[in-house]
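Following: one structure in structure tokens, then a few remarks.
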Amino acid sequence: MSERALVHVVDDDPSFLRSMERRLLLYGYEVATHSSVEEFLQRPSPEVLGCVLTDLQMPHASGFDLQQALARSANPLPVVFISSKGDVRTTVKAMRGGAEDFLTKRSTKTELIAAIDRALKRDKVDRAHRMRRSEACHRLKTLGEREQQVLAGLIKGMPNKEIADAIGLAERTVKHYRTSLSQKLGVGSPVDLARLVNEAEG
Amino acid sequence: MSRSSSKRAAESGPVEIGSNCQEAVLCLVAGAPMPIAHTLPGHPDRLFVNWAFTRAYGYTSEDVPDQAAWFDTLYPGEPRRSEAVARWEASFAKAVAEGTDVASAEYTIRAKDGTERIVEVSAALIGDVVLGTFLDLTEHKRSVARHRESEERLRSLVAKIPLPLAFSLGASGDDLFLNSAFKEAFGYDEKDLSKISDWFELAYPDEAYRVQVMETWTPLFERAIRSDGFIAPREYRVTCKDGTVRDVEISAVTLGESIVGVFQDNTTRKQSSQLLREMRDQLDHAGRISALGQLAASLAHELEQPLGAIFNNATTAEEILEKENFPQADELRTILHEILDDDVRAGAILDRIRSMVQKRKPRPEAVDVISAVGEVLLMVGPSAASHGIEIEVAPAPGRPSVAVDAVLFQQAILNLLLNSIDVLRRRNSPRVRVEFEAGAEGFLAVLVSDNGGGVPKEEESLLLVPFHSTKPDGLGMGLPIVQSICEEAGGSLCVKNSPGVGFLVRLELPLWEGGAR
């Protein structure tokens, strides 16, 4: 990963935590370790690419608790569980919760890197998606009421004339609003406009 | 002079002897130690009795001077007298007619002291003298009667004893007597067993085994006769009349020529102890599986961490070595490789154990708590009793059944009782109490408490932690296993520790609702 990425490791066993940190550093990741779910949730949250490797069974909050808390947060990082082999029930439960991947405590280099990179890639996609969405929302908010009405007509595929009739304006005025909204949103064609609205709606 | 000499006389017919010789014989008779009465030569009516007769029966020659006086005195009253006279005269006439001695016969005479005596009278004819000898049978008869009586008493005593007994009074082993307990136990009666040898034939039909039994029995029997008359109990495989084979402990006493055998059927006792042993094994096995499951789950999690850390570190070190190059790097690589291999191997063992123990699924069923607890008590009772520990089971309202795997439930109760027994060993008036009460809606609470002093306050929180034990050799899985059994059944466990007083463990288990579960 050329981009800066931070891998969070959550485990109650300090020895395991240290060894995993050492290993991931060697593989070139930036690592943050946390000895409990609570500690992880209270971390300063820099807006950088990242993912979480977490143990499932921990004395207080479990890996599932972390998964749920994270899903509700502003920065829902992908979660990779580190669990025992052959624990089907746990796997199913974790998958339903949207777990990115599973690793055993003794994963090979390939397995480990593949799982982390998949998680980071998903985070990158999610993050880009979230960014576009917030940008689109931001831009849409700059439109005036008439511009919004014209935009609504445009993404339904209506010609200027129809829009003018529908909202009770002259066709020329509609053209004027169309130019100004295209300038504000940075896109002009009805297809691009529709995509932007879609993104904003999430 | 004796009976046998008079018999010899009888064989050779009446003795023809001269009067001098007759005198000599009568002289001998007078001093003979045997009671004798005879007529006088030439005076067939006159009687003489010797000193031995006087000593035995009290009468002198003056008391019975003639035959009439003889019969009057020795056989007083009628019809006794006439009967005696008739019998005597008949045998006398017969002897005279046949030229033999008078056949010996029993008479009951009255002695001078008034006692009745049974005597055997034999008589010989010596010339014109009738000479009768008297053998007192009274003592002999009495002892025979006494013997018969005591034999009868023994029989009736033996007959009433509820233990199977058999005895034989003769040296030959004939005339075997069996009591009713014996007949009931083995089905054989006197018709089947008329002598001891029949027993060996019937009870041990397999010849090889019979030989083996005889080889054991005979020296024991011979030793008993020579020494203390006791044959120590030994177990034999006895075949009953109906063909069933039972383990019977046989002992015997010998009294002179008699032998009394005592039979103790151990089959039932053995069966029940066998059953108990099997039950304990089963429980033990289930307990081990359940303990192993718990152990494996805990072990797997606990070991997963260090194994994971070792794996990570060794892998990292190996990868660093790939980049760097310095002397002995190969050696280090080998070492790290071996560390990794062993780590992976250990992990695989854990995985295997875990997948193995996960296969046993508890099967909830209706468990009658009272009888289930009762069965556990059968197992721990003896050990508790040997430490003077009293285990009290309070009655339960109704006869509640809970929905739980029966074996696991018993395992749980067993663990709790064993825990209590462990701590109670060296305490005063040790007591364990098992009680039942209604729990939450649809639950029954089972309470096991003891007065073993509990644990110090600071150890309280560690009670349910696996591998933490208060006992030096404890595994620390007792309570955690009980807890997991309760939780798997949908119930719960709580422990109340009163430091210095004792422990109370309360299990809540779902009541069985008529098979709906």
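Each chain gets a letter, A, B and so on, in the order the sequences are listed, and its residues count up from 1.
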Any side-chain heavy atom of Gln305(B) sitting closer than 4.5 Å to one from Asp55(A)?
yes
Residues 10-22 of chain A: residues contacting chain B (heavy atom under 4.5 Å, by number)
Asp11(A), Asp12(A), Asp13(A), Ser15(A), Phe16(A), Ser19(A), Met20(A), Arg22(A)
When only heavy atoms count and the cut-off is under 4.5 Å, which of residues 160-168 of chain A reach chain B?
none
Looking only at non-hydrogen atoms, find the nearest pair between Lys105(A) and Phe311(B) and report the distance.
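What the structure gives for the nearest pair is O-CD2, 4.4 Å.
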Of all heavy-atom pairs between Thr316(B) and Leu26(A), which one has the smallest distance, and what is that distance?
O-CD2, 3.8 Å
Under 3.5 Å, which donor-acceptor pairs link side chains of residues 335-346 of chain B to any protein atom two or more places apart or in another chain?
residue, atom, partner, partner atom, Å
Asp342(B), OD1, Arg345(B), NH2, 3.2

Contacts table for residues 144-155 of chain A: side-chain donor-acceptor under 3.5 angstrom, sequence neighbours left out:
residue, atom, partner, partner atom, Å
Arg146(A), NH1, Gln149(A), OE1, 2.8
Glu147(A), OE1, Gly144(A), N, 2.7
Glu147(A), OE1, Lys184(A), NZ, 2.9
Glu147(A), OE2, Ser180(A), OG, 2.5
Glu147(A), OE2, Lys184(A), NZ, 3.4
Gln148(A), NE2, Leu143(A), O, 3.4

Please report the C-alpha distance between Asn312(B) and Arg106(A) in whole Å, then the side-chain angles of each, then the deciding distance to 0.1 Å, and finally whether the side chain to side chain contact (heavy atoms under 4.5 Å, CB included) criterion is met.
CA-CA 7 Å; Asn312(B) 281 338; Arg106(A) 291 176 300 282; over 6 Å; no
